[in-house]
Each structure stands twice: as structure tokens, then as C-alpha cells.
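Just so you know, these numbers come straight off a predicted model, no measurement behind them.
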Protein chains: 2
Amino acid sequence: MSTIKKVCQLAGVSTATVSRTLKNPDMVNEKTRERIFKAIAEAGYRPNVLASSIKTGRSNSLVVLVPNLSNPFFLKIIQGIEQAAQENGYSVLLGDTQGEAKRENEYASMVLSNRADGLIHLDHSFPFSKNDETLAENVPMVSVCERIVSNKKYPVVELDNYSACRALANHLTSYGHKRFGVIAGQKESQIYRDRLSGIKSVLQEEGITLEDSLVVGGEYSMEAGEIGARELLSNINRPTAIFCFNDDIAIGAIHEIKKHGLRVPDDISVVGFDNIKVSAYIDPPLTTIDQPAYDMGRKAVEVVLQQIKKKPLQRDREIVQFSLLERESSGQLKM
Amino acid sequence: MSTIKKVCQLAGVSTATVSRTLKNPDMVNEKTRERIFKAIAEAGYRPNVLASSIKTGRSNSLVVLVPNLSNPFFLKIIQGIEQAAQENGYSVLLGDTQGEAKRENEYASMVLSNRADGLIHLDHSFPFSKNDETLAENVPMVSVCERIVSNKKYPVVELDNYSACRALANHLTSYGHKRFGVIAGQKESQIYRDRLSGIKSVLQEEGITLEDSLVVGGEYSMEAGEIGARELLSNINRPTAIFCFNDDIAIGAIHEIKKHGLRVPDDISVVGFDNIKVSAYIDPPLTTIDQPAYDMGRKAVEVVLQQIKKKPLQRDREIVQFSLLERESSGQLKM
DNA sequence: TAAATGACTGCAATCGATTACAGTTTTATC
DNA sequence: GATAAAACTGTAATCGATTGCAGTCATTTA
């Protein structure tokens, strides 16, 4: 692998000039430049990115912490991140944390060891270890979807979960539903609180309260959807409509409901959240909230790059728009 | 951010000793070591990975090139890659190529600029640009699922697509099916040839030939599945069983078939390939070939690390086992 | 007791770039 | 034609580690 020196030899110039032709071409004479480019081609020279990073103090990469790589929704976000990063000359280091603190710590510390310039977190946990807390103070970091739980406020890209759930709930009450079941995700997160209070606020307007026994779940997966549905179906007050906190859960729930010989939506309506691709292809197609995952990823990159470039952030919450997709998994209550 | 020098000051030793306590602890006296660890803690010191990389010539990361991040099958592979990489002290740079040569070139060149030590490619194209071909000669590289088309033979982790398709075809002929349709993926790849010849070989044993007009598709997506199914359904010799080259295609196809008022499998059997998670949850659950995606990812890392460590490879093809999952999307031919 | 060995530690070169500063040549200005 | 300004280019320090080599001191060995 040839280095800058090789090019110097071939072109008969100093390293400075070579470096400049690549970074600040207009600082060097056109003829010299040409000679150098020829030398570069001849040598098959590629600048060693690490060498330049060490000098400039920038690694030009971002770490992305994902709790669960098998969720296609996260994928879509990552796609957005990846694309935006690339456009800005950054590359993406992927960290699959599986929700484990130890792995989060490990990946987060990449920012501390100069392997990455910033961090995008797709979860609500504070990713650094207690030990690193003070070191982490000035780390460029954003979270997507979920707000990071910590003393310091970190910016977040999210949608208005409260309103989105109100929209869903209104949609269902307009079909006459009054007994709701909920299969939620992790209960410690802000999302959980926001969404639940959105649902409750609509019910309240109808004079209904949501019983605790009708809120089940705790994990975002198809299996959790199956289990949750099973639980709800066996409840004395079997709900007529089920809120699932993401589409994976909804897919699991619908599967389970059908297994019990019930029909969706004739016997029970089911709604999801996220709008992953497959949701339009299942039977029945899923009513859900569309989250602009791709754009959220892009926005997250913007925000973290702002921080890296030490530009002040205009706001600490970027709210993106949702839309309610009424498909066929929800319908008129039939009794 | 404090550097090694800060630690030297605090501990009253040279940089060499600090470096050694971290990399070769048994080269330094226990007491000194303790002093240094205390100093490290006090300084909040993190070794600058880039600085060490430049000296050692190793970046300790791998680039992974993915043609389509929204395919959950790839995700599963990436999960395996990520896990294995992490266990070996490597991190994963993610490149979403969208099948575009330009993006492939860009990401592939990360290996040339020392940003990554090796490359894992989830596609069949040769990822380097023509220009870089000679430079790329000694690059540690593996492909997963698909064989890389190039002069040099690169190792591959794949399954026996020919046999897998024979298994599927036998499964279908055992149900009495004789008229097959195929919704394939990209036609330029080895996979395409292997799979098709697997199918044909079984048909041949039954004295049947597969008409060209019954082989459609060209892309791995649900939309392609819909379009492909539409095409096959309108064929004069409507097939009674449809082979889909992955589960996404199958999901799209089933969706389309139902839209035409036909039932799966009573009117038409559909089989997929990959066994992504959702395939067990759709209606009807999909008969498919299980590819051990996670393990394939892990194996790919092994192979590329072998190359990085300049150990000779035992073989240039790592074959993984498949298994036929007979679920409910395929069944007895009813006429 | 002298010599040899082993255990630590430090000096300083090095990895491959970037960049402040200075030096040289060319061009512009009067 | 002399001087100032602009345009290039080179020298050498620097980024933050790693590591070969040499030096010091304590411990064995003969």
C-alpha cells in the first residue's frame, strides 16, 4: 500500500503539496496538481484515513446504537441515518445492543476513544456507564423515538406519541369501540407514558377508564404480541379493540386471535404503530400510525452533526409528523 | 480529552510504560501498574484508537455491504456479523449500497484507505471500481449467499441452493403439483442459476419442462411478488404452485393471489425462501427454506478474519445447512 | 565475588498524514 | 525598474499512540 511519500517521490514534491492537492486543491498550481494526480494514479495511492483523523481529531463516523436489529422499523431509521451520514462524508458504525447495558457501554465508549464523533441512540437508556458519565458530558448525542433518561437533556427526534394515540383511539371509538386492550412495549420509557395517556384521554372523554388488567406486554416483538393477545382474550372483559405498540406486536396478536377462531376486525379490531412494510401485506392489512422512519434517521444525523460542529441547536426536540393509515384490521364493532 | 501524556505526568512514568500496562500488562511491575491505573482513572484517560491503529496498521473494523437494508433476512445476517465481530474486538461499518455500483465502490474503498481491515459483501457484484481492481487484489473479502463475480475467486458462505430447491420441488410434486411458476430474483446471479436448475432437475424426473413464460420476477421485494403473481395468474397455463425466491416475494405473491379471490394453498400453493420471522405469522404460514442467517453472518466474520490474519483458508466455500419448513402455504393439489 | 540472567523502564524513532510558518518565485502597482 | 502583493512550495513540528533497543537494578549462578 503506497503512502503519501511514494507520491512525493513520483511527483517530485513535498508531502505538504500532495496533501494540499487533495484537501485544498486551489492552493496549488494547476500543473503541479496534474503531475501529482498522475503520480497518485501511478502509485495507486489512497490517503490513510486514520492518519488524517488523528491529526484533525475527527473520525468522521457516527455510532448508532440499536436495541433490536430485527425490527424493520429500526432498519428504516438506519437507512435514513446511513444515507444522510454518507452525504455528509460520515460513515456509520453499527452497534446492536440487544438492550443490554454492557453492550451499550461498550459501543458508547467508542466516542470516547475517538473512534466515532457522535452517537445516535435508538433507545431511552443512558448508554454510557456510570464511570464515564462525566466524560460523556460533551458527547454529541441524539436519540430517536425515545427520550434518553439522564440528568442532562439530550436532543431527541420523535413524533407526538400522545396525539398519535389519540388519533388511533378516536378512530376506534368512532367505530363504536369502548373496551380497549393494550399490548404495550417497555414500561419504563416515556413513550409508554405518552401513548397510554393519549389513549386514556380519549376514553375519558367517553367517560370510560382503562383497567390495568387490560394493559399487557412489555416487549416489542411478535411473540410478545401473541402472548399479550392470549392474555387479553382470556380477560373477563374481553376487549373489542386492541392497541399494539408496534406493528410486530400487532402481527403477533392478529395471528393469535385467528388461532382462537376469531376474526379481525369483525370480532376484534387491532391497530398497530410504525407502519412497517409488511403491515400492508398481512391479512387483514393493518391499521397503523405511519412514522416517517427514514426521515427521522436523516434528522437525527442533522442534529448530531450540528453538535459535532459545535453549532447551537435550535430546539431539543425535533417533532416529525405522523399519519393515521386506516386499513382493514379495524372496523365497525359487530355484536 | 486527556491523552497518554497526561497519564504519564500523573503516574511519573514514560508513555511506553503506560502503553504497555494496557497492551502487555505482564511486562510491567505490579506496583507501577497500579499507580498507572489510578492515574488513568484520575485522568479519565481513553486511548485514542486511531492513534494506535495508525501504528499497528489495523483499524479493527469490517465493512459490510448490504444491497437492501430493508430485507429482514439481511438483518439477521448482520446481527450474526455484528456479534461475531464484537467478540473478536472488531466493529462493523455498515454500507447500504442499494445495489448501486457507485455506492459499492465508495464503501469498498474504505478498505483501501485503512478505515476497515476487511469486507463482507451480501451481494454478487465485484464491489471495487475497475480502477481499484489491482489494489483490491489482496483485500480480505467474503461474500454471503451470493458468489462474487470476478476473476479472482473470493470465498463465500452460502447454502446449497440447488439441493434446497430440489427439496422444495420434491415437496410440491409429492402433493401432486406439476405446473410450477417461479418468481425469481436477480437473473445475473449464481443463485438464480442454481435454484432454477434445482427446480428443473426435479421436474425433469417427472418428465416435465419449465416454460420460460412461467419464470418471472427479477427483484427481491414484496412488490415484485405482487407483480410476479399477477403475471403468473394471467398465464394461460396458470401454475398450481409458485416458487418465490425469497419470503418477501412470497408475501407479496400471497397477498396478490388472495386479492384475486383465490385461496392459498387450496387453489395455489406458494413457497418461499429464507424463513424470515414474519413468515410464520402470515396467513397462511409460509412453507419455506430456513437459511441459518445468523450463523452465516458469524461464519463470514470467521472467514474474513482468517484472511486478515493471513492464515490460509481451508476452503473457498463454506456451506451451511438448510432445512425445509413445511407450513401451511403449500398443500395437496385440489382440482 | 564476579559474571550472567532476568525484570523493568525509558528513550526516541515511527506510523501517515496535516498545517503553521517561512522561503521563493511570479505578478501587479506605481 | 523597484517594491509590494500574491501565488506557490517546502521545512519541520505535530497528532497520540506503539515498540525496538538500550540502560538500570536486582537476583542467580558459578
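If you check C/dC8, C/dT19, D/dA17 against the side chain of A/Arg20, the one that comes closest is C/dT19. The side chain of A/Thr32 sits closest to D/dC8 out of D/dA17, C/dA17, D/dC8. When distances are taken from the side chain of A/Lys55 to each of D/dA17, C/dT18, D/dT9, the shortest belongs to C/dT18. When distances run from any side-chain atom of B/Val28 to the nucleotides C/dC15, C/dT9, C/dT19, the shortest one goes to C/dT9. If you check C/dT18, D/dG16, C/dC11 against the side chain of B/Ala16, the one that comes closest is C/dC11. For B/Ser19, whose side chain is taken as the heavy atoms from C-beta onward, the closest listed nucleotide among D/dG16, D/dT19, C/dA17 is D/dT19.
Among the atoms of the strands shown, only primed sugar atoms or phosphate atoms (P, OP1, OP2) are found under 4.0 Å from some heavy atom of A/Val13. Using a 4.0 Å heavy-atom cutoff across all strands shown, A/Thr3 reaches sugar-phosphate atoms only and no base atom.
Not one side-chain nitrogen or oxygen of B/Ser52 sits closer than 4.0 Å to the OP1 or OP2 atom of D/dA17. For C/dG10, the OP1/OP2 oxygens have a side-chain nitrogen or oxygen of B/Thr17 closer than 4.0 Å.
Screening residues 103-129 of chain A for ring pair (Phe, Tyr, Trp, His ring centres under 6.0 Å), with sequence neighbours left out, gives A/Phe126-A/Phe128.
Using modelled atom types and a 3.5 Å distance limit, the side chains of B/Glu87 and B/Gln83 yield a donor-acceptor pair.
For A/Thr15 and A/Asp26, each mapped to the nucleotide of DNA chain D holding its nearest heavy atom, the one lying further toward the 5' end belongs to A/Asp26.
Looking only at distances, no side-chain donor or acceptor of A/Ser2 sits under 3.5 Å from a matching main-chain atom of A/Val7.
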